[in-house]
Structure formats: structure tokens, C-alpha cells
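Numbering of ligands and ligand atoms starts at 1, following listing order. Computed from a predicted structure; not experimentally measured.
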Amino acid sequence: MTGTETLTIIKPDAFGSGKAGKIIAHLEAAGFRLAGARVMRLSRPEAEAFYSVHRERPFFGSLVEFMTSGSCMPMMLRRADAVAELRRVIGATDPAEAEAGTVRALYAESKERNAIHASDSDENAEIEISFFFAGTDRLGG
Ligand code: CMP
């Protein structure tokens with residue numbers, strides 16, 4: 001088992017259509033506990049910085065456009081084996097390929113407008129948590 005913390009973002013498609021509560025309930029039922037949460041609208045520089053690893057990809061401009069199009073909800077989550085478990089619970093990037101019952105199968109619209117983000121490694125979880133939450137914001141249990 002690896003780390004106990006990960007970062008998720010309920011993206012503008014899901015937040016804007018009122019699905020945040022259902023998604024949080026889904027994550028809590030899967031054993032995650034909230035250790036930090038914000039509602040915010042990403043600026044263009046913030047979205048570009050957060051997704052800088054995808055800067056050279058053909059979908060980067062569209063992804064930044066989408067992620068700045070409305071409010072989103074970054075959350076720091078805790079449970080055992082957090083990174084792998086969250087990725088299992090949310091399903092594949094493309095909702096058409098996501099396993100039935102996963103967050104993306106239930107709530108995502110498309111490969112880009114895919115409802116939710118999850119860190120892909122413990123190292124990136126730490127970087128992404130620090131992107132949104134100062135040490136003093138990390139409460140919960
Ligand atoms: P996320 O897990 O937040 O990480 C990168 C995001 O880029 C991904 O979810 C999708 O929203 C988006 N993305 C990944 N691949 C594609 C693609 N082929 N076309 C459009 N958007 C994509």
C-alpha cells in the first residue's frame with residue numbers, strides 16, 4: 001500500500017450541472033474522507049500551470065478553455081492507498097470506456113468534459129495538493 005492522500009477536482013461540467021453533492025457522496029461511500037475543499041474558478045495561468053505536463057498535447061488549449069469556463073471544486077482526499085483507489089473509483093478518462101458504476105460512467109459527458117480529475121501518482125498528489133491547499137488548510141481526518 002502506498003500514500004493516504006490524493007487530489008481530486010470536480011470539473012466545471014459536473015460542478016455547473018449540480019453534480020458535486022452526488023460525486024462527494026460517491027467518494028465518501030468509497031471510503032474517502034475530505035481533508036480540504038474549495039470552490040473556485042481557475043484563472044488561465046492557474047489552469048495552464050496545473051496541466052503544464054499536457055502543454056504539448058493537441059487538446060491543451062481546449063482543456064484550459066474548459067477548465068476555466070466555470071467554477072470547479074478541488075478537494076484533498078484521504079483513505080488507504082488513496083491514489084490507486086481514487087483512480088479505480090472514477091474510471092477511465094473517456095466515459096465511454098469507464099467501467100459501469102464509476103464516477104465518470106455515471107456523470108461525465110466526454111473524454112474532455114469528464115467530470116473529475118485524480119492525481120496519477122503519490123508524487124503528483126503531493127504537488128497537486130500543494131497547488132490548492134496550504135499546510136494549515138489540511139484539516140479533516
Ligand atoms: P484529467 O484526468 O484531468 O487529466 C488531463 C485531462 O485532459 C483529462 O482528465 C481530460 O479532461 C483531458 N484529456 C485527456 N485526453 C484527452 C483527449 N484525447 N482529448 C481531449 N481531452 C483530453
Side-chain angles (χ1 to χ4, degrees), residues 1-140:
M1 191 182 78
T2 49
T4 57
E5 295 178 349
T6 192
L7 188 281
T8 191
I9 305 174
I10 299 177
K11 297 186 181 182
D13 59 325
F15 190 86
S17 58
K19 294 169 184 159
K22 285 182 176 151
I23 292 174
I24 292 168
H26 191 119
L27 299 177
E28 288 185 329
F32 290 94
R33 293 293 170 262
L34 287 174
R38 297 175 65 184
V39 173
M40 63 185 292
R41 185 165 185 167
L42 289 173
S43 68
R44 176 168 289 272
E46 284 171 334
E48 288 175 350
F50 185 79
Y51 280 118
S52 60
V53 64
H54 297 304
R55 193 172 287 277
E56 304 305 322
R57 308 284 284 275
F59 58 80
F60 181 71
S62 171
L63 176 61
V64 168
E65 208 56 47
F66 162 52
M67 289 301 293
T68 57
S69 66
S71 297
C72 68
M73 193 169 180
M75 295 183 287
M76 177 183 171
L77 299 176
R78 289 202 182 111
R79 66 151 285 163
D81 205 7
V83 168
E85 283 299 310
L86 183 62
R87 293 180 74 77
R88 187 180 63 73
V89 164
I90 72 172
T93 304
D94 185 345
E97 294 167 12
E99 204 171 307
T102 58
V103 173
R104 283 170 171 157
L106 288 167
Y107 303 116
E109 297 175 18
S110 68
K111 193 168 190 176
E112 179 172 87
R113 298 172 65 84
N114 65 353
I116 190 164
H117 168 83
S119 305
D120 64 4
S121 66
D122 284 340
E123 187 189 358
N124 283 336
E126 180 54 36
I127 293 167
E128 293 180 358
I129 288 167
S130 298
F131 190 93
F132 291 109
F133 299 101
T136 48
D137 292 334
R138 301 180 190 191
L139 307 172

>> Under the side-chain contact (heavy atoms from CB on, under 4.5 Å) test against Met75, which residue among Leu27, Leu7, Ile23, Ile9 passes?
In response: Leu27
>> My understanding is that only residues two or more places apart in sequence, or in another chain, count here; which of them pass side chain to side chain contact (heavy atoms under 4.5 Å, CB included) with Leu106?
In response: His26
>> Under a 4.0 angstrom heavy-atom cut-off, which atoms of ligand 1 come close to Leu63?
In response: 6 (C), 7 (O), 11 (O), 12 (C)
> For Glu112 and ligand 1, does the shortest N/O to N/O distance drop below 3.5 Å?
Replying inline: yes
> Taking heavy atoms and a distance under 4.0 Å, where does Phe66 meet ligand 1: side chain, backbone, both or neither?
Replying inline: neither
> Phe50 and Phe131: aromatic ring centres closer than 6.0 Å?
Replying inline: yes
> Any idea which protein heavy atom is nearest atom 20 (C) of ligand 1, and the distance to it?
Replying inline: Phe59 CB, 3.6 Å
>> Considering Met67, Lys11, His54, Arg57 one by one, which has a heavy atom nearer to atom 8 (C) of ligand 1 than any of the others?
In response: Lys11
> Can you check whether Lys11 reaches Met67 side chain to side chain, under 4.5 Å on heavy atoms?
Replying inline: yes
>> Arg41: which residues meet the side chain to side chain contact (heavy atoms under 4.5 Å, CB included) condition with it, sequence neighbours left out?
In response: none
> Does the pair Glu85/Arg79 count as a salt bridge with the N-to-O cut at 4.0 Å?
Replying inline: yes
>> Which of the numbered atoms in ligand 1 are under 4.0 angstrom from any heavy atom belonging to Tyr51?
In response: 1 (P), 3 (O), 4 (O), 5 (C)
> Can you find an N or O of Thr93 that's nearer than 3.5 Å to an N or O of ligand 1?
Replying inline: no
> Just going by heavy-atom distances, which of Arg104, Lys111, Arg87 is nearest to atom 2 (O) of ligand 1?
Replying inline: Arg104
